[in-house]
Amino acid sequence: MKFEDKFENLVKKTIKENSLFTKKNKILVAISGGKDSLVNTYLLKKLGYEIFAIHIDLKIGKYSEKCRNACEKICKENKIPLKIYDIKKEMGSSMCYIRNAVQSKNKGIGNCAVCGVIKKWIMNRESRKMKADVIVTGHNIDDEAQTFLLNILKGSPELSFNTGPISKNISDKKFIPRVKPLYYCLEKDIKKYSIIKKLPVVYEKCPCSGDSYRIQIRNFIEERFEKEKKNLKKSFERISKDIPKKENSKLNYCEKCGEPCRAKICKKCELVGTSLLNKK
Ligand code: AMP
Ligand code: ZN
């Protein structure tokens, strides 16, 4: 079988066997301009799903301009409605500015950690406004294996318990489930597929990701032998399947912004405070 057919079959199987979504659902694809999310966009459209997309323009100089252009291009070519969330217009500042403000008050928090919290907050809120049933993200098995190892090194393996192709154990009308059709795909295969399909991907990494802890872990995994890499992914799959899942826990609503969260105040409001609170 051709590489592309094998790749597409794996994604189809992941969607079906994990009941990620059906053709009746309103599917919002979160796109960054990178290979994973553009492959999701292209492939879900090719498989006949009615999708729409959101891109968060983080305003990180030229890099963000390239990412935004890539998202606009793929959506235009495939006739996919695209919502651009301009962080400067919506929150008043670029991600770099927000991040510096957060880091001056929270010593030791990494660039990607701050950005990740804010992006997730935006995605949930915007997808709810757009009445999406699910948010599709581009996470792949390499990302998940890195997270698995990171959590072990943090001393909190339980943080990996609820991982999987669909966000589990959260049911709340204000929380939009996040799903990962590329969950079982290897990063190198996603890259290969994006090249074969000539997708307008931005291959360079975010200039702010620098030498984050995740990148060090990623490099560490990359330097292992092929067999060790496979073992890590296998261990991850085995353990994440076998671990008893946590009870379905109830969520609170953040006292400041009203978004669903586990504590009294959500992570985004805890980091950003009220000064940059959403206007809408
Ligand atoms: P990351 O947190 O950068 O590893 O990205 C994980 C996933 O979040 C990506 O595969 C996308 O689906 C989504 N994502 C990341 N950055 C953006 C962005 N700027 N706009 C919309 N979605 C994004
Ligand atoms: Zn909040």
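For the numbers below, each heavy atom of this structure counts, side chains included, while hydrogens, waters and symmetry mates do not. Every number for a ligand or one of its atoms is a count from 1 in the order of the listing.
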Residue and atom name of the nearest protein heavy atom (relative to [atom]), distance in Å to one decimal:
atom	answer
atom 9 (C) of ligand 1	Gly138 N, 3.8 Å
atom 4 (O) of ligand 1	His139 NE2, 4.5 Å
atom 3 (O) of ligand 1	Lys119 NZ, 3.2 Å
atom 21 (C) of ligand 1	Ile31 O, 3.1 Å
atom 17 (C) of ligand 1	Ser32 CB, 3.5 Å
atom 19 (N) of ligand 1	Ile56 O, 2.9 Å

What do you reckon, does [X] have a nitrogen or oxygen under 3.5 Å from a nitrogen or oxygen of ligand 1?
X	answer
Ile54	no
Ala30	yes
Thr137	no
Met123	no

- Item | ligand 1 contact on Val29 by region, counting heavy-atom pairs under 4.0 Å | neither
Do [X]'s NZ or CZ and the ring of [Y] fall within the cation-pi criteria of under 6.0 Å and 45°?
X	Y	answer
Lys26	Phe52	yes
Arg224	Phe220	yes
Lys197	Tyr42	no

- Query: Can you tell me if Cys261 has an N, O or S atom under 2.8 Å away from the Zn ion (ligand 2)?
  - Reply: no
May I ask you to decide whether [X] forms a salt bridge with [Y], counting only side-chain N to carboxylate O separations under 4.0 Å?
X	Y	value
Lys180	Glu144	yes
Lys76	Glu72	no
Arg128	Glu259	yes
Asp189	Lys191	no

- Task: For Asn140 and Glu187, indicate whether the former's side chain and the latter's backbone hold a donor-acceptor pair under 3.5 Å.
- Result: no
- Note on the structure: Which of Cys115, Cys206, Cys208 passes side-chain contact (heavy atoms from CB on, under 4.5 Å) with Met95? Answer is Cys115
- Looking from the Zn ion (ligand 2), what is the angle between SG on Cys269 and SG on Cys254, to the nearest 10°? 110°
